[in-house]
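Here is how names work: the chains are called A, B, and so on, in the same order as the sequence lines, proteins then strands, and each is numbered from 1. Since the structure is predicted, the reported quantities are computational estimates derived from the model, not experimental observations.
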Number of protein chains: 2
Amino acid sequence: MSRPAAKGRAAAEAEVTRVSDATLCGFIGYHMKRAFNVVQADLNQTLKPLDLRMVTYSALVLIVDNPGLRQSQLAEALDVERANLVVIIDELEGRDLITRDRVPTDRRAYALNPTLAGRRLYDRALEAVRGHERRILNGMDEEAKQAVIRAMSVIRRGSEGG
Amino acid sequence: MSRPAAKGRAAAEAEVTRVSDATLCGFIGYHMKRAFNVVQADLNQTLKPLDLRMVTYSALVLIVDNPGLRQSQLAEALDVERANLVVIIDELEGRDLITRDRVPTDRRAYALNPTLAGRRLYDRALEAVRGHERRILNGMDEEAKQAVIRAMSVIRRGSEGG
DNA sequence: AATAATTGTTGTGATGAATAACTAAATTTT
DNA sequence: AAAATTTAGTTATTCATCACAACAATTATT
């Protein structure tokens with residue numbers, strides 16, 4: 001329809017010197033993926049000295065901010081399967097960053113609570129991640145940041161209310 | 001430092017009714033991840049009827065837009081390992097969407113070219129993905145879109161020039 | 001000619017996410 | 001109260017993805 005067919009045919013014979021991603025650049029999702037790859041890579045490097053990954057970091061933050069929450073609540077908040085959360089919690093508990101406390105009123109459930117070491121690591125991790133964001137956003141002004149947050153929220157909302 | 005310790009201790013005893021992700025919401029990366037998850041899920045659903053995944057779709061687009069490019073060029077453009085690109089190309093070739101043509105001037109290399117079926121699927125996929133973006137962006141104005149693209153570019157650039 | 005580098009390929013191991021099946025405990029139904 | 005259903009956490013399995021090493025064929029370098 002809109003694609004100039006002649007160009008494609010002609011170019012097929014010649015050498016491709018510079019690969020054009022112009023079509024993909026027309027999509028927001030493409031830009032998001034490329035940018036997020038960068039963010040993820042840098043964040044994981046940032047967290048490596050603290051022996052944390054993205055998920056363990058997020059889990060720790062949510063546990064410190066919401067002490068006493070259940071594993072199922074955390075799983076839902078993190079958007080991971082309950083089953084897959086187990087190993088994450090195992091890791092944090094094994095490092096004495098959190099405790100699994102039985103809930104007297106519901107003996108099926110565990111209440112997750114941070115230890116002192118967990119809170120200390122939380123503080124260190126938060127500082128590190130703030131630095132990471134300063135680095136990757138590289139002087140982006142506040143207005144631009146807010147615009148991104150608004151846009152991301154629009155995308156997230158859209159998936160809820162079908 | 002800035003965290004009100006008393007709140008954490010007190011709340012540890014009570015039930016957690018609503019899980020707060022306020023701390024994580026302070027980070028752009030968190031919003032990006034959550035939003036990108038939505039995008040990825042919807043995009044994969046969108047491409048499923050065409051038997052395409054994100055990577056095979058991107059690969060097809062780049063091959064149609066850059067006919068004759070080498071596998072190594074495509075691998076670099078897609079940011080995947082040459083080794084891992086092989087199976088992707090195998091799939092597209094197996095479905096007769098592209099051809100691997102030996103390059104006379106360099107008999108190590110293959111030139112990737114779309115078939116007619118490949119170009120047809122390209123057109124259909126592009127239309128589908130445009131619909132997908134319209135859906136997830138849900139009436140976001142052009143200015144906001146451009147702001148996102150600019151911001152994502154800032155993040156991407158930052159990772160190149162160290 | 002000898003050596004090094006490049007292109008595509010194969011295989012493997014680590015990782016992550018999705019699923020089913022299970023135990024224990026709570027809740028609902030009968 | 002007994003039975004059935006649901007829920008919380010766990011285990012194991014499968015599957016896809018990805019990084020890495022090693023390799024053959026070809027080209028480039030010295």
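Among the atoms of the strands shown, base atoms are found under 4.0 Å from some heavy atom of A:Asn84. When heavy atoms are screened at a 4.0 angstrom cut-off, A:Glu81 is found touching base atoms of the nucleic acid. Counting non-hydrogen atoms under 4.0 angstrom, B:Arg102 reaches nothing in the nucleic acid. Across all strands, A:Arg107 comes closer than 4.0 Å only to sugar-phosphate atoms, never to a base (heavy-atom distances).
Atom CG in B:Asp90 sits roughly 7 Å away from atom P in C:dT9 (whole-Å rounding). Across the protein-nucleic acid pair, B:Gln71 atom CD and D:dT26 atom P stand 16 Å apart, rounded to whole Å. In this structure, A:Asn44 places its CG atom 12 Å from P of D:dA19, rounding to the nearest Å. A straight line from CD of B:Gln40 to C1' of C:dA17 spans 11 Å, rounded to a whole angstrom. Rounded to whole Å, the distance from CZ on A:Arg108 to P on D:dT5 is 17 Å. Rounded to an integer number of Å, the gap from B:Leu85 CG to D:dC20 P is 17 Å. Rounded to an integer number of Å, the gap from CD1 of B:Ile89 to P of C:dT10 is 13 Å. If you measure from atom CD of B:Gln73 to atom P of C:dT6, you get 14 Å, rounded to the nearest angstrom.
Using a 3.5 Å distance cut-off with no hydrogens or angles, the side chains of B:Arg34 and B:Tyr30 do pair a donor with an acceptor.
The pair B:Glu142-B:Lys145 counts as a salt bridge, with a side-chain nitrogen and a carboxylate oxygen less than 4.0 angstrom apart. Residues B:Glu127 and B:Arg124 are not paired through a salt bridge, judged by the lack of any N-O separation under 4.0 Å between the basic side chain and the carboxylate. Taking a cutoff of 4.0 Å between a charged side-chain nitrogen and a carboxylate oxygen, B:Arg70 and B:Glu76 do not qualify as a salt bridge.
Between A:Arg100 and D:dT10 there is a side-chain N or O to OP1 or OP2 distance below 4.0 Å. Put simply, A:Ser72 has no side-chain N or O that comes within less than 4.0 Å of OP1 or OP2 on D:dT7.
Around atom CZ of A:Arg18, no more than 12 heavy atoms belonging to other residues, nucleotides or ligands sit under 6.0 Å away.
Along DNA chain D, the nucleotide closest to A:Asp106 and the one closest to A:Ala83 are compared, and the more 5′ of them pairs with A:Asp106.
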